[in-house]
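Chain naming here is simple, since letters A, B, ... match the order of the sequence lines and numbering starts at 1 in each. In what follows, every heavy atom counts, from backbone to side chain, and hydrogens, waters and symmetry copies are set aside.
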Number of protein chains: 2
Amino acid sequence: MTEVAAARRDVLLATAEQLFAARGYQATSVRDIAEAMDIKAGSLYAHIETKEDLLWEILTAAADRFFAAADPIVESDLLPMEKLRQLIAAHVQVITDGASLAAVYMNEWRHLTDLRRTEFTARRDAYEALVRGIVRDGIRSGELADLDEKFATLLILSSMNWIYQWYRTDGPMTPDEIARKLTEMLFKGLRRAGA
Amino acid sequence: MTEVAAARRDVLLATAEQLFAARGYQATSVRDIAEAMDIKAGSLYAHIETKEDLLWEILTAAADRFFAAADPIVESDLLPMEKLRQLIAAHVQVITDGASLAAVYMNEWRHLTDLRRTEFTARRDAYEALVRGIVRDGIRSGELADLDEKFATLLILSSMNWIYQWYRTDGPMTPDEIARKLTEMLFKGLRRAGA
DNA sequence: GAGTTTAGCTAGCGCTTGTTAGGTGAGGTG
DNA sequence: CACCTCACCTAACAAGCGCTAGCTAAACTC
């Protein structure tokens with residue numbers, strides 16, 4: 001693939017990502033995508049084989065980003081609590097850095113056909129296990145309270161994964177600020193200290 | 001509408017709810033719904049005018065449930081913290097009581113056409129404002145820490161609204177248990193007390 | 001400058017979509 | 001017993017879907 005061709009492919013993927021995020025995979029036709037690129041529908045097939053390939057590549061790229069952000073932190077020798085703090089910051093960064101990518105990642109994977117859907121959910125579960133491992137270590141080391149490890153993991157993930165729903169690049173909070181506030185609320189709780 | 005007709009309509013709505021939750025609105029055809037009811041596609045139109053009506057009624061019913069659960073708590077004269085505790089329990093109850101209804105409520109509203117989508121999001125915002133009001137009162141009364149009121153509200157809502165993704169009726173946790181654990185983690189935080 | 005590659009075009013395929021018109025037959029009503 | 005209601009049927013419609021075959025023309029390669 002030449003540089004020009006690769007660049008054009010990137011435009012295609014970016015366009016599909018935007019539309020899938022805004023309308024959903026099923027509600028976006030290949031004609032919609034083509035029109036947004038100012039080409040004809042049939043011409044898309046110079047770059048891809050099927051519409052689902054587009055979804056698959058977007059989802060894979062999204063998963064790659066989450067792992068790329070998390071792996072070095074998981075493998076570091078920081079204390080669990082500091083790992084968790086950094087992982088939250090990294091995860092939030094990935095989401096705010098590409099909110100439409102995150103939207104597709106959270107919502108559209110179920111339109112994959114069987115084999116790929118299985119592979120996707122397996123990677124998703126693997127990521128959850130990564131987070132859970134840190135939570136477990138934190139409980140063992142006594143930095144975290146003695147809580148239900150699975151439930152706590154879901155609480156952390158759910159609070160992070162909701163962000164793409166309301167985050168706007170031109171909003172009042174920076175990604176760092178979001179991560180900082182989220183970490184503080186999750187760790188310290190909402191109740192007034194000493195109440 | 002006779003009783004028989006109303007009952008049949010309920011079956012239709014329940015069937016559509018299941019399928020919309022499992023596959024999404026756009027990926028569910030009226031033929032799919034008809035087949036699940038063991039009738040022909042055209043026969044659906046004895047009960048509804050358009051496919052979107054189905055989605056609209058399901059979404060409206062879902063919103064009604066959340067408000068019906070929250071209103072008496074909001075209007076009670078309990079202390080803010082106790083209000084929040086009860087609201088979380090009620091909200092979780094609605095979600096676990098009808099996980100597929102919750103799934104449609106969270107994911108499919110964007111397939112409404114303009115007018116209805118606007119009306120839906122307005123109600124959703126109104127519900128968020130309800131929760132936010134309690135959080136504000138809690139901060140003022142000193143029961144809650146001095147935190148970003150909007151952000152705290154989103155944290156609470158996001159952690160509740162994620163539950164339908166993993167909750168199973170035959171799972172190990174009862175709705176009450178979920179609400180209790182969630183409340184405790186949200187209020188006390190994940191960090192070990194006094195650490 | 002001949003030869004090759006390739007992004008995009010046109011035209012159309014087989015199929016599915018939501019929806020409609022008109023008919024059938026069982027059950028209830030007077 | 002005649003009448004009516006209505007849940008459901010059959011058959012078809014116009015439009016849209018993903019995708020393909022065969023072509024054009026511009027840009028690269030040697």
Side-chain angles (χ1 to χ4, degrees), chain A residues 1-59 104 108-117, chain B residues 1-59 104 108-117:
Chain A
M1 186 150 51
T2 70
E3 274 176 51
V4 181
R8 205 70 185 117
R9 206 159 193 286
D10 288 346
V11 171
L12 170 53
L13 284 170
T15 307
E17 178 193 309
Q18 293 296 329
L19 290 173
F20 290 169
R23 311 178 192 176
Y25 174 74
Q26 293 275 359
T28 305
S29 72
V30 293
R31 283 168 180 82
D32 291 336
I33 300 169
E35 197 182 349
M37 291 180 70
D38 259 316
I39 62 175
K40 302 296 171 177
S43 309
L44 291 186
Y45 290 85
H47 304 284
I48 51 159
E49 297 200 332
T50 67
K51 184 190 172 189
E52 200 198 322
D53 287 352
L54 281 175
L55 180 58
W56 178 244
E57 292 205 31
I58 293 166
L59 290 174
V104 177
E108 308 302 328
W109 58 269
R110 62 200 170 120
H111 297 114
L112 290 171
T113 46
D114 282 354
L115 219 106
R116 284 171 162 174
R117 194 171 59 244
Chain B
M1 185 150 49
T2 70
E3 275 176 47
V4 182
R8 206 72 185 116
R9 205 160 194 286
D10 287 347
V11 172
L12 170 54
L13 285 169
T15 307
E17 179 194 308
Q18 294 296 328
L19 290 173
F20 290 169
R23 312 178 192 177
Y25 174 74
Q26 293 275 0
T28 305
S29 73
V30 293
R31 282 167 180 82
D32 291 337
I33 301 169
E35 196 181 349
M37 292 180 69
D38 258 317
I39 62 176
K40 302 295 172 177
S43 309
L44 291 185
Y45 291 83
H47 304 285
I48 52 158
E49 297 200 334
T50 67
K51 182 191 175 189
E52 199 198 325
D53 287 352
L54 281 174
L55 179 59
W56 178 244
E57 291 205 33
I58 292 166
L59 290 174
V104 177
E108 308 303 327
W109 59 269
R110 62 202 171 118
H111 297 113
L112 290 171
T113 46
D114 283 353
L115 219 106
R116 284 172 161 173
R117 193 170 61 245

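- Listed for the A/Arg31 side chain is no donor-acceptor partner under 3.5 Å among the backbone atoms of A/Ala41.
- Under the rule for a salt bridge (charged side-chain N to carboxylate O under 4.0 Å, His left out), B/Asp38 has no partner lying at least two apart in sequence or in another chain.
- Which of C/dG8, D/dC8, D/dT20 sits closest to the side chain of A/His47 comes down to C/dG8.
- Look at CG on B/Asp53: it is 11 Å from P on C/dT20, rounded to the nearest Å.
- Put simply, CG on A/Leu44 is 13 Å from P on D/dC17, counting in whole angstrom units.
- Rounded to an integer number of Å, the gap from CZ of A/Arg9 to P of C/dG8 is 13 Å.
- Note that CG of A/Leu55 is 9.5 Å distant from OG1 of A/Thr50, once rounded to the nearest 0.5 Å.
- Looking at residues 11-40 of chain B, you'll see B/Arg31, B/Ile39, B/Lys40 sit with a heavy atom under 4.0 Å from some atom of DNA chain D.
- If you take NE2 of A/His111 and P of D/dC17, they are 15 Å apart, rounded to a whole angstrom.
- Within 6.0 Å of CD in A/Glu35 there are 12 or fewer heavy atoms belonging to other residues, nucleotides or ligands.
- Using a 4.0 Å cut-off, no side-chain N or O of B/Tyr45 falls inside it from OP1 or OP2 of C/dT20.
- For the pair B/Glu52 CD and C/dG18 P, the interatomic distance rounds to 12 Å; values are reported in whole Å.
- Computed from coordinates, the B/Arg8 CZ to C/dG27 P distance equals 15 Å when rounded to whole Å.
- Between A/Ser43 and C/dA7 there is no side-chain N or O to OP1 or OP2 distance below 4.0 Å.
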